[in-house]
Trainee: 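Below: one structure in structure tokens.
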Amino acid sequence: MSLSKPREVFIQGLTLEGRAFRPSDWAERLAGAMSCFRPGGVVGGPGAHIGYSPYCVPTVINGVKCVIVNEALREIEPMAWDFVMNFARDNGLQVADACLLPDPPPKARPGL
């Protein structure tokens, strides 16, 4: 049995017509709304509200704001998955299935 990495969906801050989506902080807002969905559930205490869920992370790819949504969110909370996917559909945003590749290891410099 092979274990495959859950796929990721990239919600891009570009409309289907190619225009930049507004407001400019949409990715942070969407990811912030999903911040309570974390491995192990919500943790209380000071600072518990700070940070994003690893299942829904804002980022910039090639100069375009995006939210990377891990498919594991669908298993954890189907309504949260539906929320982010409906957000993309309702706002006419471009969506791509993909997965982030790890950064390549740094190359050794000759002579070191």
Trainee: With rounding to the nearest 0.5 Å, note down the distance linking CD1 in I76 to CD in E71.
Mentor: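 Going from the CD1 atom of I76 to the CD atom of E71 covers 11.5 Å.
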Trainee: If you compare all heavy atoms of Y55 against all heavy atoms of A72, which two are closest, and at what distance to 0.1 Å?
Mentor: CE2-CB, 3.8 Å
Trainee: List the atom of G51, the atom of S35, and the distance in Å for their closest heavy-atom pair.
Mentor: O-CB, 3.4 Å
Trainee: At what distance, to the nearest 0.5 angstrom, does CD of E8 lie from CG of N70?
Mentor: 5.5 Å
Trainee: How many angstroms lie between CZ in F37 and CG in L73, if you round to the nearest 0.5 Å?
Mentor: 6.5 Å
Trainee: With under 30° as parallel and over 60° as perpendicular, where do the rings of F87 and F21 fit, or are they tilted in between?
Mentor: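 F87 and F21: perpendicular rings.
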Trainee: Taking a hydrophobic cluster as the set of Ile, Leu, Val, Met, Phe, Trp and Tyr residues connected by side-chain heavy atoms closer than 4.5 Å, whether directly or through intermediates, do V95 and F83 fall within one such cluster?
Mentor: yes
Trainee: Keeping Q94 on the side-chain end and T15 on the backbone end, is there a donor-acceptor pair under 3.5 Å?
Mentor: yes
Trainee: Through direct or indirect side-chain contacts below 4.5 angstrom among Ile, Leu, Val, Met, Phe, Trp and Tyr, which residues connect to L14?
Mentor: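 L14 clusters with V64.
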Trainee: Would a hydrophobic clustering, with Ile, Leu, Val, Met, Phe, Trp and Tyr connected at side-chain separations under 4.5 Å, put V84 with V67?
Mentor: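 Yes.
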Trainee: CE of M85 to CG of D90: how many Å apart, nearest 0.5 Å?
Mentor: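 Going from CE on M85 over to CG on D90, the span is 11.5 Å.
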Trainee: Can you tell me how far CG of L30 sits from NZ of K65, rounded to the nearest 0.5 angstrom?
Mentor: 12.0 Å
Trainee: Which residues pass the side chain to side chain donor-acceptor pair (under 3.5 Å) test with E77, sequence neighbours left out?
Mentor: none
Trainee: Are M34 and I11 connected, step by step, through hydrophobic side chains (Ile, Leu, Val, Met, Phe, Trp, Tyr) whose heavy atoms are closer than 4.5 Å?
Mentor: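 M34 and I11: one cluster.
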Trainee: Roughly how far apart are W81 CH2 and N86 CG, rounded to 0.5 Å?
Mentor: 11.0 Å
Trainee: Would you mind reporting whether P58 and R29 have side-chain heavy atoms less than 4.5 Å apart?
Mentor: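 Contact flag for R29/P58 side chains = no.
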